[in-house]
Asks: 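Pasting in a structure now, in structure tokens, and then I'll have a few things to ask.
Model, not experiment: these values are computed from the prediction. Below, all heavy atoms of this structure are taken into account, side chains as well, without hydrogens, waters or symmetry copies.
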Amino acid sequence: MDCFREIEGKQAHDPLFHKMNKPSRRVFVPGPIIVGAGPSGLAVAACLQEKGFPSMVLERSSCIASLWQLKTYDRLRLHLPKQFCELPLMGFPSEFPTYPTKEQFIDYLETYARKFEIRPRFNETVSHAEYDKVIGFWRVKTVGKRFEETEYMCRWLVAATGENAEAVVPEIDGTGEFGGDIRHTSYYKTGKEFTGKKVLVVGCGNSGMEVCLDLCNHSASPSLVVRDTVHVLPREILGKSTFGLSMWLLKWLPMRLVDRFLLIVSRLMLGDTARLGLDRPEKGPLEHKNGSGKTPVLDVGTLAKIKSGDVKVCPGIKKLKRHTVEFLDGKMENFDAIIFATGYKSNVPSWLKEGDMFSEEDGFPKRPFPNGWKGECGLYAVGFTKRGLLGASMDAKRIAEDIEWCRNEEAASYDHNHRQAANCKLVYAF
């Protein structure tokens with residue numbers, strides 16, 4: 001392409017470029033680069049492919065959707081009905097259940113990648129990405145499996161590493177003294193290996209609740225650390241998805257009334273969760289989600305285990321000792337293992353060097369949904385809406401449409417300039 005030859009020409013006569021850059025393989029990419037081959041990255045690549053605009057997907061792991069394939073527990077299912085979790089341009093197979101299993105969802109994603117001919121470059125970790133104002137392109141540096149370095153250059157860059165790039169493990173005094181098994185849920189597969197053991201699960205989100213249920217089902221004795229307020233809702237109301245019903249009600253009613261409805265129904269179906277040690281936030285579940293990004297827990301059976309005493313609710317941890325946990329209320333108890341269901345965080349600040357679009361503190365776009373998908377100089381974000389796969393799909397469509405528009409505008413400008421140049425030549429000729 002002419003623009004790439006122009007860039008090479010500028011670099012050839014730029015001594016600072018040669019001084020500041022170590023020799024490495026350099027690749028010019030005519031389309032966008034997408035960092036991350038999870039559901040969000042696949043969605044953008046598919047939307048671009050559908051518009052005839054190929055992209056390059058860079059993935060640090062050895063497979064697509066590595067979080068789902070390598071770092072989730074065996075009994076995991078989609079927490080929401082499949083119609084709210086499908087990616088753009090392809091629905092789930094009709095024979096799939098309302099809540100597909102982990103294996104079914106992975107199969108769906110692999111079929112999706114094949115259909116849209118998405119072939120990520122695996123085992124390439126993006127170590128640095130920065131916009132070069134001199135040449136008007138993004139420089140994306142990667143490190144391969146054998147530590148080989150490559151620098152890609154592209155016009156558009158899509159950050160699709162998402163909200164769950166790195167596990168969050170809290171620092172607790174005495175961790176080194178505990179002596180038992182301590183792991184994050186990203187390393188938990190099944191309760192089979194904890195049969196007959198006392199296990200402390202830290203974190204009362206959907207993962208923490210479900211891990212407790214799984215431990216109960218495998219004859220372990222789990223306790224659950226509840227450090228904050230939490231909304232627990234029934235997964236279904238009168239046979240209808242709670243999430244789907246909420247979305248339908250929001251079309252007709254203000255959020256505060258929908259929240260009030262959800263709380264009344266939850267109280268009737270689940271009882272007073274505060275009596276179980278699960279205090280609710282002051283704001284309703286939808287308003288709390290919008291403000292904090294914290295998703296309500298959709299109960300799949302754990303609450304019944306808490307009521308029966310099979311799962312014990314505990315306060316926060318003060319410190320650890322040898323196979324012993326001291327809680328904030330001063331009580332101490334022995335445990336064989338601790339599992340942190342403490343979630344994940346974005347890793348964007350570790351590799352993307354720009355200060356306008358993403359926050360350095362949490363790695364999320366500074367502008368809230370629905371305006372956080374687009375930055376400056378051809379930078380985009382997908383999978384950071386705190387609204388799951390539905391939010392990612394919405395942003396993927398917007399990104400593809402915007403890149404198509406930019407390409408068409410640049411092509412029109414290029415044609416216009418060439419026509420002007422041709423007209424000038426004719427004038428001079430006569």
Asks: Check the side chains of Tyr112 and Glu86 for a donor-acceptor pair under 3.5 angstrom, ignoring hydrogens and angles.
Replies: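 No, Tyr112 and Glu86 have no side-chain donor paired with an acceptor closer than 3.5 Å.
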Asks: Would you mind reporting whether Leu215 and Phe194 have side-chain heavy atoms less than 4.5 Å apart?
Replies: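 Sidechains of Leu215 and Phe194: in contact.
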Asks: Would the distance check show the side chain of Gln69 and the main-chain N or O of Cys63 forming a donor-acceptor pair, the cut-off being under 3.5 Å?
Replies: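 Between the backbone of Cys63 and the side chain of Gln69 there is no qualifying donor-acceptor contact (under 3.5 Å).
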Asks: Does Glu409 reach the main-chain N or O of Arg407 with its side chain, forming a donor-acceptor pair under 3.5 Å?
Replies: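 It does not hold such a pair.
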Asks: Is there a donor-acceptor contact under 3.5 Å from the side chain of Asp132 to the main chain of Gly136?
Replies: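 Judged by distance alone, no pair lies under 3.5 Å.
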Asks: Could you tell me how the ring of Phe84 sits relative to the ring of Phe243: parallel (under 30°), tilted (30 to 60°) or perpendicular (over 60°)?
Replies: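 Ring orientation, 0 to 90° scale: perpendicular.
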Asks: Above 12 or not: heavy atoms from other molecules or residues under 6.0 Å from NZ of Lys353?
Replies: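 Result for NZ/Lys353: enclosed.
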Asks: Heavy atoms only: give me the nearest Cys85-Phe105 pair and the separation to one decimal.
Replies: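 The answer is O-CE1, 4.3 Å.
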Asks: Using a 4.5 Å cut-off on heavy atoms from C-beta on, say whether the side chain of Thr342 contacts that of Arg227.
Replies: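 Arg227 vs Thr342: side chains touch.
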Asks: Within a strict 4.5 Å, meaning less than it, do heavy atoms of the Cys204 and Val225 side chains meet?
Replies: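 Not touching, per the 4.5 Å side-chain cut-off.
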Asks: Donor-acceptor pair, Glu360 side chain versus Pro349 backbone, under 3.5 Å?
Replies: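 Here the side-chain-to-backbone pair does not exist.
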Asks: Taking it one step at a time, do Lys366 and Ser359 satisfy side-chain hydrogen bond (donor to acceptor under 3.5 Å, both in side chains)?
Replies: CA-CA 6 Å; Lys366 295 178 181 179; Ser359 166; over 6 Å; no
Asks: Rounded to the nearest 0.5 Å, what's the gap from CZ on Phe261 to CG on Leu249? Could you check?
Replies: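 Interatomic distance, Phe261 CZ to Leu249 CG, rounded to 0.5 Å: 6.0 Å.
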Asks: Look only at the side chain of Arg183 and the backbone of Tyr187, and say whether a donor-acceptor pair between them is shorter than 3.5 Å.
Replies: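 Side chain of Arg183 to backbone of Tyr187: a pair is present.
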Asks: Ignoring hydrogens and angles, write down the donor-acceptor pairs under 3.5 Å from the side chains of residues 327-338, residues two or more places apart or on other chains.
Replies:
{"from": "Asp329", "atom 1": "OD1", "to": "Lys331", "atom 2": "N", "distance (Å)": "3.1"}
{"from": "Glu333", "atom 1": "OE1", "to": "Lys312", "atom 2": "NZ", "distance (Å)": "3.0"}
{"from": "Glu333", "atom 1": "OE2", "to": "Lys198", "atom 2": "NZ", "distance (Å)": "2.9"}
{"from": "Asn334", "atom 1": "OD1", "to": "Thr324", "atom 2": "OG1", "distance (Å)": "2.9"}
{"from": "Asp336", "atom 1": "OD2", "to": "Lys198", "atom 2": "N", "distance (Å)": "2.8"}

Asks: Would you say Thr142's side chain and Thr125's backbone share a donor-acceptor pair under 3.5 angstrom?
Replies: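 Not a single qualifying donor-acceptor pair exists.
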Asks: Please step through side-chain contact (heavy atoms from CB on, under 4.5 Å) for the pair Phe116 and Leu89, ending with a clear verdict.
Replies: CA-CA 10 Å; Phe116 294 102; Leu89 308 171; 3.5 Å; yes
Asks: For Tyr344 and Ser186, work out which heavy atoms get closest and say how close.
Replies: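 Shortest heavy-atom separation between Tyr344 and Ser186 comes out as OH-CB, 3.2 Å.
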Asks: Rounded to the nearest 0.5 Å, how far apart are NZ of Lys374 and CZ of Arg398?
Replies: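 It comes to 12.0 Å.
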Asks: Would you mind reporting whether Pro234 and Leu270 have side-chain heavy atoms less than 4.5 Å apart?
Replies: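 Sidechains of Pro234 and Leu270: in contact.
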Asks: Please find the pair of heavy atoms, one from Asp259 and one from Leu286, that lie closest to each other, and give the distance.
Replies: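 Smallest heavy-atom distance, with atoms named: OD1-N, 2.7 Å.
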Asks: Are a donor atom and an acceptor atom from the side chains of His128 and Glu151 found within less than 3.5 Å of each other?
Replies: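 Absent: no donor and acceptor within the cut-off.
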Asks: Given side chains that start at C-beta, do those of Arg139 and Tyr131 come closer than 4.5 Å, heavy atoms only?
Replies: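 When only atoms from C-beta onward are counted, Tyr131 and Arg139 do not touch, as no gap falls below 4.5 Å.
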Asks: Verify the neighbour count for atom CG of Leu238: are there more than 12 heavy atoms of other residues, nucleotides or ligands below 6.0 Å?
Replies: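 Counting neighbours around CG of Leu238, 12 or fewer heavy atoms of other residues, nucleotides or ligands fall under 6.0 Å, so no.
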Asks: Atom CZ in Phe122, atom CZ in Arg60: separation rounded to 0.5 Å?
Replies: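 If we round to the nearest 0.5 Å, Phe122:CZ and Arg60:CZ are 13.5 Å apart.
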Asks: Test of understanding: with ring-ring contact (aromatic ring centres under 6.0 Å, His included), list the residues that count as partners of Phe358, not counting sequence neighbours.
Replies: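 In terms of ring-ring contact (aromatic ring centres under 6.0 Å, His included), with neighbours along the sequence ignored, Phe358 is linked to Phe384.
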Asks: Looking only at heavy atoms, which two atoms of Met357 and Ala381 are closest? And how far apart?
Replies: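 So the two residues come closest at CE-CB, 3.4 Å.
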Asks: Minimum heavy-atom separation for Leu67 to Thr72, with atom names?
Replies: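 That would be O-CG2, 3.3 Å.
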Asks: Show me the donor-acceptor pairs within less than 3.5 Å that the side chains of residues 34-59 make with the rest of the protein, sequence neighbours left out.
Replies:
{"from": "Lys51", "atom 1": "NZ", "to": "Glu404", "atom 2": "OE1", "distance (Å)": "3.4"}
{"from": "Glu59", "atom 1": "OE1", "to": "Ala37", "atom 2": "N", "distance (Å)": "2.8"}
{"from": "Glu59", "atom 1": "OE2", "to": "Ser61", "atom 2": "N", "distance (Å)": "2.9"}

Asks: Going by distance alone, is a donor N or O of one side chain under 3.5 Å from an acceptor N or O of the other, for Glu210 and Tyr73?
Replies: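 Result is yes, a qualifying pair exists.
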Asks: Between Thr295 and Lys289, does any side-chain donor sit less than 3.5 Å from a side-chain acceptor?
Replies: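 Indeed, the side chains of Thr295 and Lys289 share at least one donor-acceptor pair under 3.5 Å.
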Asks: Can Lys141 and Ser127 be counted as having a side-chain donor-acceptor contact under 3.5 angstrom?
Replies: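 No pair is found: no donor N or O on one side chain lies under 3.5 Å from an acceptor on the other.
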Asks: I'd like to know if the side chain of Glu236 pairs up with that of Tyr99 as donor and acceptor (distance under 3.5 Å, no hydrogens or angles considered).
Replies: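 Looking only at side-chain atoms, Tyr99 and Glu236 do form a donor-acceptor pair, the distance falling under 3.5 Å.
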Asks: Under 4.5 Å between any side-chain heavy atoms of Trp68 and Glu103, yes or no?
Replies: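 SC-SC contact between Trp68 and Glu103 ruled out.
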Asks: Going from CG on Asp402 to CG on Asp395, what distance comes out if it is rounded to the nearest 0.5 angstrom?
Replies: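 Answer for the CG-CG pair, Asp402 versus Asp395, is 11.5 Å.
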Asks: Within the 4.5 Å heavy-atom criterion, are Tyr380 and Ile403 side-chain neighbours or not?
Replies: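 Yes, at least one pair of side-chain atoms sits under 4.5 Å.
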Asks: Judged by atom type as modelled, is there a donor-acceptor pair below 3.5 Å linking the side chain of Ser346 to the main-chain atoms of Gly363?
Replies: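 Yes, the answer is positive, given that a donor and an acceptor are paired below the 3.5 Å cut-off.
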Asks: Can you tell me how far the CG atom of Leu80 sits from the CE atom of Met247, to the nearest 0.5 Å?
Replies: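 Separation between the atoms: 9.0 Å.
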Asks: Side chains of Tyr188 and Asp214: is there a donor and an acceptor less than 3.5 Å apart?
Replies: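 Yes, Asp214 and Tyr188 have a side-chain donor paired with an acceptor closer than 3.5 Å.
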Asks: What is the distance from atom OG of Ser219 to atom CG of Asp310, rounded to the nearest 0.5 Å?
Replies: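 That separation rounds to 10.0 Å.
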